[in-house]
Undergrad: 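Before we start, here is the structure in question, set down as structure tokens.
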2 protein chains.
Amino acid sequence: MTLIQEKVQQAIDILQQQKIDLWLTFVRETSGVRDPALDLLVGPADLTWPSALMLTRQGGKLAIIGNLEKESLERLGVYDPILGYDTAVRDLLRDTIVRLDPQTIAVNTSRNNVHADGLTHAMYEILREHLAGTPYADRLVSAEPIINSLRGRKTPEELARIREAVRITDEIFQQTFDYLQIGMTELEVADFMQAQVRTRGLELAWPAENCPAVNSGPNSPVGHSGPTDIRLERGHLLHFDFGVKYEDYCSDIQRVAYLLREGETEAPIEVQRGFLTIRTAIEKARAAMQAGVTGNAIDIIARDIVTGAGYPSYPYALGHQLGRVAHDGGALLGPLWEKYGDSPNLKLEVGQVFTIEPGLAVPGYGYLGLEEDVVITESGAEYLGSCQTEIVLIER
Amino acid sequence: MTLIQEKVQQAIDILQQQKIDLWLTFVRETSGVRDPALDLLVGPADLTWPSALMLTRQGGKLAIIGNLEKESLERLGVYDPILGYDTAVRDLLRDTIVRLDPQTIAVNTSRNNVHADGLTHAMYEILREHLAGTPYADRLVSAEPIINSLRGRKTPEELARIREAVRITDEIFQQTFDYLQIGMTELEVADFMQAQVRTRGLELAWPAENCPAVNSGPNSPVGHSGPTDIRLERGHLLHFDFGVKYEDYCSDIQRVAYLLREGETEAPIEVQRGFLTIRTAIEKARAAMQAGVTGNAIDIIARDIVTGAGYPSYPYALGHQLGRVAHDGGALLGPLWEKYGDSPNLKLEVGQVFTIEPGLAVPGYGYLGLEEDVVITESGAEYLGSCQTEIVLIER
């Protein structure tokens with residue numbers, strides 16, 4: 001069974017659980033705007049003309065597609081029937097939906113999860129027009145709950161790939177700590193790390209501009225900006241945010257080192273205190289994670305540890321899901337801020353993979369953040385790799 | 001001046017010509033769903049939180065963005081002011097628009113051009129809600145005409161990159177014709193071509209599954225399906241569809257060869273007749289192309305030559321625009337079929353780059369299609385590379 005066959009079967013199980021009659025993914029020219037649901041429904045190929053992929057609660061797997069792309073869709077061994085057309089999709093689409101007579105049609109529109117939000121406004125309007133004069137135009141609902149579960153619940157194969165991405169990331173961090181020296185620039189260190197990824201024939205987990213992020217010292221701009229010409233100096237905290245993509249699945253890990261000053265054998269006490277605070281916040285969050293708990297409840301646990309120790313609240317969520325992209329959607333370990341929509345209120349499910357990534361600034365030294373990747377299991381949450389439990393000390 | 005600075009300035013000129021007060025690109029988590037307008041507005045970087053890029057007719061270049069991404073946006077040297085936020089975008093966005101007081105706000109929604117259709121349905125609804133209680137929610141119009149012109153009108157730098165992509169593609173075709181031998185499979189030939197692209201450190205112009213398409217003989221599935229295990233045999237037409245991406249700009253070229261049978265010194269007369277028909281259709285189409293003519297008028301010229309010679313009408317458009325993607329949007333050299341929307345009725349503009357790619361099947365031999373890339377100039381249309389004017393004959 002291919003991964004796509006496995007995920008499509010899982011999608012049909014989810015339709016049954018959620019009592020949705022039809023999940024309709026309606027797209028066109030996906031080299032331009034690509035519905036993220038396609039990765040699990042057809043793989044990396046692009047569809048050129050208006051196309052519809054339809055999964056039903058009864059187990060139906062139908063596709064409507066331009067004739068020139070029928071052959072490549074058939075090769076997936078997923079859809080049957082595959083209805084091809086040359087000039088106009090409307091009648092074929094309408095007739096097919098009339099024949100299926102669904103009470104609810106889930107389409108890919110979502111306020112909370114961008115990965116369930118592949119239907120553009122114009123395509124939504126076109127779809128409604130195609131269905132005009134039937135009862136079906138008014139039966140459209142959001143496919144967000146379907147896609148949240150489908151992307152979130154990792155199959156054993158998906159989980160194995162993420163574990164391998166995490167393992168490789170750990171390995172590259174180790175190589176980097178062996179390689180780096182006082183006086184190098186952030187950019188030089190980042191180049192080394194990217195070269196390790198290329199050597200392995202892999203891709204970065206997010207765009208190269210800020211993968212890895214490398215921040216040395218208190219003046220390095222933290223956030224989603226990339227590494228700079230700032231040089232690694234003694235007395236700097238050195239912070240990394242980095243991930244790789246292994247067979248389409250990502251890791252996302254933060255590590256931190258301290259560049260020892262002459263005569264120092266350990267990090268200054270305020271750096272150690274920051275590290276312990278973050279490490280504790282991560283471990284307490286992980287220990288509380290289990291299916292059925294909201295992501296917001298977990299965010300609060302970690303955030304309270306950081307603010308309770310006297311540090312400011314970090315202006316981002318504690319953690320996000322991880323999968324085919326580094327920032328996967330659905331349930332979020334986040335605060336109830338407008339920009340996060342309803343995602344922090346969603347409950348954790350078995351099979352979801354999350355990052356846990358609180359952070360703080362140590363004045364005069366730099367940014368201190370750690371990020372670990374965990375999977376929700378029947379009994380709680382497990383780390384997917386080796387955690388950083390001590391600050392890395394650099395002497396060279 | 002960077003390419004992004006150049007294109008943003010061009011966008012403001014277009015706003016003035018089209019008398020649009022504000023062009024608003026409203027996005028979030030673009031690693032998930034990426035508005036194609038971003039390539040020209042910010043480059044390859046992704047924006048994580050709800051973000052707004054605003055260009056005004058008066059030359060204003062404003063951005064609203066999550067604080068953690070402010071720094072990297074500043075580095076572009078394009079937007080000023082850049083307004084950052086931590087938790088909620090709504091008030092900042094609404095207040096900024098109220099202050100600008102635009103009569104028209106163009107947003108990225110389009111029925112005809114997927115590259116002008118980056119606004120999802122949910123983001124459209126969120127935007128209208130953010131503007132609720134102001135007059136601005138009802139001033140939204142489609143940015144399609146802006147984006148059509150902006151993507152279509154290539155700057156000298158953009159054109160230079162496409163020319164280089166075309167030159168490299170020609171070169172790889174030449175290497176391929178020197179390399180291939182009777183008895184190889186389509187997949188082996190495709191692997192060779194992809195290796196030539198990798199050797200040059202370039203990317204393919206579209207996904208590797210069918211870039212190149214390689215079709216040998218009458219039983220090879222034509223269309224957007226990829227190469228197969230079918231072997232190159234004497235008496236086959238061998239057809240290629242292939243392109244590379246050079247510094248973000250694409251080529252898209254089709255070539256055709258004939259595999260000589262024992263004793264043959266030229267292609268059979270029916271193959272030659274097919275070749276001449278296609279070659280004539282391309283040249284007549286190019287000769288008729290000029291600014292102000294509709295793409296549909298050009299499609300008719302080529303299509304009539306093919307059908308007038310007794311071949312069936314090919315079930316696709318004569319040609320599409322070419323740029324950052326192989327299938328760029330806007331004006332299309334196409335028939336008035338529903339699936340193409342209004343694009344065939346749009347008029348050609350100076351600076352646009354088009355493919356011209358009619359095709360036909362020669363019964364018993366295989367598919368015969370050619371594709372040339374042309375640019376619209378003040379005086380007509382020019383080929384961007386060397387055309388195929390004779391069928392390539394393979395003896396080995």
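Proteins get letters first, then strands, A, B, ... in listed order; numbering begins at 1 in each.
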Undergrad: Chain B: which of Ala88(A), Ala45(A), Pro36(A), Ser31(A) shares the most heavy-atom pairs with it under 4.5 Å?
TA: Ala88(A)
Undergrad: Highest number of heavy-atom pairs under 4.5 Å with chain B: which of Val89(A), Asp328(A), Val325(A)?
TA: Val89(A)
Undergrad: Would you mind checking which part of Arg75(B) comes under 4.5 Å of any heavy atom in chain A, side chain (CB onward), backbone (N, CA, C, O), both or neither?
TA: side chain
Undergrad: For Asp252(B) and Thr355(B), which I'm curious about, is there any donor-acceptor pair between the side chains at under 3.5 Å?
TA: no
Undergrad: Heavy-atom pairs under 4.5 Å with chain A - which of Gly66(B), Pro315(B), Ala326(B) has more of them than the others?
TA: Pro315(B)
Undergrad: Are Ser220(B) and Glu186(B) linked by a side-chain donor-acceptor pair shorter than 3.5 Å?
TA: yes
Undergrad: Under 4.5 Å, counting heavy-atom pairs only, tell me which of Trp337(A), Tyr85(A), Tyr340(A) racks up the most with chain B.
TA: Trp337(A)
Undergrad: Below 4.0 angstrom, N of the basic side chain to O of the carboxylate: do Arg111(A) and Glu129(B) qualify?
TA: yes
Undergrad: For Ala331(B), does its backbone N or O pair with a side-chain atom of Gln321(B) as donor and acceptor, under 3.5 Å?
TA: yes
Undergrad: Using non-hydrogen atoms only, which part of Thr228(A) is less than 4.5 Å away from chain B: side chain, backbone, both, or neither?
TA: side chain
Undergrad: With only heavy atoms counted, which part of Thr87(B) is less than 4.5 Å from chain A, the side chain, the backbone, both or neither?
TA: both
Undergrad: Please look at Pro50(A) and chain B and tell me whether the side chain, the backbone, both or neither of the residue comes under 4.5 angstrom of a heavy atom of that chain.
TA: side chain
Undergrad: Quick one: do Lys339(A) and Asp86(B) make a salt bridge, cutoff under 4.0 Å?
TA: no
Undergrad: Is chain B contacted by the side chain of Glu125(A), its backbone, both, or neither, given a heavy-atom distance below 4.5 Å?
TA: both
Undergrad: Looking at Ile126(A), Asp35(A), Asp117(A), which makes the most heavy-atom pairs under 4.5 Å with chain B?
TA: Asp117(A)
Undergrad: Return yes if some donor-acceptor pair links the side-chain N/O of Asn113(A) with the main-chain N/O of Glu144(A) below 3.5 Å, else return no.
TA: no
Undergrad: For Ser313(B), is it the side chain, the backbone, both or neither that has a heavy atom under 4.5 Å from a heavy atom of chain A?
TA: neither
Undergrad: Ignoring hydrogens and angles, state whether a donor on the side chain of Asn108(A) or Thr25(A) is under 3.5 Å from an acceptor on the partner side chain.
TA: yes
Undergrad: Between the side chains of Ser51(A) and Glu69(A), does any donor sit under 3.5 Å from an acceptor?
TA: no
Undergrad: Less than 4.5 Å to any heavy atom of chain B: does that hold for the side chain of Asn112(A), its backbone, both, or neither?
TA: backbone
Undergrad: Whether Glu29(B) and Arg34(B) form a salt bridge (side-chain N of Lys/Arg under 4.0 Å from carboxylate O of Asp/Glu) is what I want to check.
TA: no
Undergrad: Please classify the contact between Val33(A) and chain B as side chain, backbone, both or neither, with a heavy-atom cut-off of under 4.5 Å.
TA: both
